[in-house]
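Worksheet: the structure to be examined is printed underneath.
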Number of protein chains: 4
Amino acid sequence: MEFKKKSTIYQQIVDFVAEQILTGVFPVESKIASVREMAAKMGVNPNTIMRSYTQMQEEGIIYNKRGVGFFVSTDAPIFIKRKLRDDFIKDELPEMIKKMKLLEIDFDEFEKMYER
Amino acid sequence: MEFKKKSTIYQQIVDFVAEQILTGVFPVESKIASVREMAAKMGVNPNTIMRSYTQMQEEGIIYNKRGVGFFVSTDAPIFIKRKLRDDFIKDELPEMIKKMKLLEIDFDEFEKMYER
Amino acid sequence: MEFKKKSTIYQQIVDFVAEQILTGVFPVESKIASVREMAAKMGVNPNTIMRSYTQMQEEGIIYNKRGVGFFVSTDAPIFIKRKLRDDFIKDELPEMIKKMKLLEIDFDEFEKMYER
Amino acid sequence: MEFKKKSTIYQQIVDFVAEQILTGVFPVESKIASVREMAAKMGVNPNTIMRSYTQMQEEGIIYNKRGVGFFVSTDAPIFIKRKLRDDFIKDELPEMIKKMKLLEIDFDEFEKMYER
DNA sequence: GTGGTCTAGACCACC
DNA sequence: GTGGTCTAGACCACA
């Protein structure tokens, strides 16, 4: 896998796994790759994978069975969506609104397109 | 100058010159670099520059004085802003609206942020 | 094909193709010769044909199917007629009127011939 | 002088001399080049020039003084204008009207431009 | 195969 | 000097 420099690698792995879950590639309640497997697959250090999994566990997206592995939480899609939603509102939306005002795009114009 | 692969070179030059005009680096009614000069400066073939200049001329951003060179139109900033605006509405806005609906972001929520 | 020096080659090709369309030699919605074919047929460089085709595409006379070729637009005859009409009014008509005034040809005289 | 193939040479010489008279290069009542002089200047046979001069004489544009040469008639400009006028009405005008009807150019549209 | 882009270099008309 | 046109050939993405 290729990583971009604008974000940390462990964060990009979190985003990648979250996307796999949302699209159903990693189904709810299924086991995901072990830390060592994922590290080999991604070509990164196992410690980096561990950091990603730990964060996802704290966010309630995955959970751990001792001696077995990590599993996708039942509510994982909900948590992921909520997180994406919050990030979007915090980062992308303000930037876009700023751009709209700069280009003098009317609010009504936006409303028209939204309703369609 | 470095060019990205995601767009054609002649289009990136158009965007570059347009930005220089908007920021005032190339003032209205001033002469811009000749085709050959700009080609040398950018490290591309004069034909490529000619293509950029011809397109900008058709868009009313620059105009030509026979045997003298290309000049920035008085209304260039207006034309450029209008073009950026149209592109935003055509490309970025629909993508963003699609994302908002996917993430179930309410329209009122957007309105609140916009008014602020 | 022979080209006259009074106009550019690519423009003469545009005029030629437009005439073929008007007379029905190139029917509406039919595929026209590919860039390379037309270049060989006309004895000019493919780039020159490309320039002609691009201009006609911008004028709405032909359109492009990716990887297939260029096709005559349904409204091509309308666009071509409108263009011929505009060119006539812009170029030939003023010249003729100038000549009529020089030769002191009465307006009524013209009207008589027109009504017939 | 270069001659076009669409008309006879002697006729083109008539047109040329007529134009010189109208523009004042050959003033009224002045002597024009002798047949031999004009033949040498034009690079054609003297017989051809003679044919041109004879026709112009019949049209009243020039007249002959025995042993002296050809002179521009006092009324030459009037005759020339009248002839150009008749030719225009007979040849060019009908062709133009035909073209206008083909391109569906309204009569009122013409009137507007004429009045201006 | 198709169009589309780009380079390298040439010649021209105009000022 | 300026833009404008044209040639010859190359490489690319797409279908």
Side-chain angles (χ1 to χ4, degrees), chain A residues 2, chain B residues 1-18 20-21 26 29-73 76 87 91, chain C residues 1-18 20-21 26 29-73 76 87 91, chain D residues 2:
Chain A
E2 313 151 6
Chain B
M1 183 170 178
E2 314 151 7
F3 296 102
K4 300 171 183 176
K5 55 192 172 187
K6 63 174 179 179
S7 175
T8 62
I9 292 179
Y10 83 88
Q11 189 56 56
Q12 291 182 56
I13 291 173
V14 167
D15 294 342
F16 169 75
V17 175
Q20 304 293 309
I21 293 175
F26 295 169
E29 292 301 332
S30 70
K31 180 178 180 300
I32 63 177
S34 75
V35 172
R36 287 169 181 83
E37 278 174 5
M38 187 66 85
K41 187 179 167 188
M42 293 293 197
V44 300
N45 189 284
N47 281 330
T48 304
I49 300 295
M50 191 61 207
R51 195 166 183 173
S52 303
Y53 280 15
T54 300
Q55 182 180 321
M56 293 175 77
Q57 191 174 22
E58 289 169 349
E59 290 171 345
I61 296 173
I62 60 179
Y63 65 92
N64 176 262
K65 282 188 193 173
R66 289 256 188 112
V68 183
F70 283 94
F71 295 77
V72 179
S73 305
D87 287 350
D91 300 328
Chain C
M1 185 167 176
E2 313 151 8
F3 297 101
K4 299 172 184 174
K5 54 193 171 184
K6 63 174 178 179
S7 173
T8 61
I9 293 180
Y10 83 88
Q11 189 56 55
Q12 291 182 56
I13 291 173
V14 167
D15 294 341
F16 169 75
V17 175
Q20 303 293 309
I21 293 174
F26 295 170
E29 292 301 331
S30 69
K31 180 180 180 299
I32 64 177
S34 76
V35 172
R36 288 170 183 81
E37 278 174 7
M38 187 66 84
K41 187 180 167 189
M42 293 293 197
V44 299
N45 189 283
N47 280 331
T48 304
I49 300 295
M50 191 62 207
R51 194 164 182 175
S52 303
Y53 281 15
T54 299
Q55 183 181 320
M56 294 174 76
Q57 191 175 23
E58 289 170 350
E59 290 171 345
I61 295 173
I62 59 179
Y63 65 93
N64 175 262
K65 282 188 192 173
R66 289 258 188 110
V68 183
F70 282 94
F71 294 76
V72 178
S73 306
D87 287 350
D91 300 328
Chain D
E2 312 153 6

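In what follows, chains are A, B, ... by sequence order, proteins preceding strands, each numbered from 1.
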| B:F71, B:Y53, B:F26 screened by side chain to side chain contact (heavy atoms under 4.5 Å, CB included) with B:I62, the one that passes | B:Y53
| task | With heavy atoms under 4.0 Å as the rule, sort C:Y53 into base, sugar-phosphate or nothing. | result | nothing
| said: Counting only heavy atoms and a strict 4.0 angstrom limit, can you tell me which residues of residues 54-66 of chain C come near DNA chain F? | reply: C:R66
| query | Any side-chain heavy atom of C:I13 sitting closer than 4.5 Å to one from C:V44? | reply | yes
| task | With the side chain counted from C-beta on, respond yes when B:K65 and B:K31 share a heavy-atom pair under 4.5 Å apart, and no when they do not. | result | no
| request: Determine which bases of DNA chain F form Watson-Crick or G-U wobble pairs with both distances under 3.5 Å, and write the result as a 5' to 3' dot-bracket string with | for other-strand partners. | output: ||||||||||||||.
Nearest 0.5 Å please: distance from the [atom1] atom of [X] over to the [atom2] atom of [Y].
{"X": "B:M50", "Y": "B:N47", "atom1": "CE", "atom2": "CG", "result": "9.0 Å"}
{"X": "C:M1", "Y": "C:I9", "atom1": "CE", "atom2": "CD1", "result": "10.0 Å"}
{"X": "C:F70", "Y": "C:T54", "atom1": "CZ", "atom2": "OG1", "result": "6.0 Å"}
{"X": "B:M56", "Y": "B:I32", "atom1": "CE", "atom2": "CD1", "result": "6.0 Å"}

| said: What residues from residues 44-51 of chain B pass a heavy-atom cutoff of under 4.0 Å to DNA chain E? | reply: B:V44, B:N45, B:N47, B:T48, B:R51
| remark: With sequence neighbours left out, the residues meeting side chain to side chain donor-acceptor pair (under 3.5 Å) with B:E29 are B:Y63, B:T74
| message | Need two values: the first and the last nucleotide of DNA chain E, 5' to 3', having an atom under 4.0 Å from any heavy-atom of chain B. | response | E:dT5 to E:dC15
| note | DNA chain E nearest-nucleotide lookup for C:V35 and B:R36: closer to the 5′ end is C:V35
| field | B:Q11 to B:Q55 - nearest heavy-atom pair and separation | value | OE1-NE2, 3.3 Å
| query | Closest heavy-atom contact between B:S73 and B:G60? | reply | OG-O, 2.9 Å
Side chains of residues 35-42 of chain B: which donor-acceptor partners sit under 3.5 Å, not counting sequence neighbours?
from	atom 1	to	atom 2	distance (Å)
B:E37	OE1	B:S34	N	3.3

| query | Quick check: does any side chain N or O of B:S52 sit under 3.5 Å from a backbone N or O of B:Y10, one acting as donor and the other as acceptor? | reply | yes
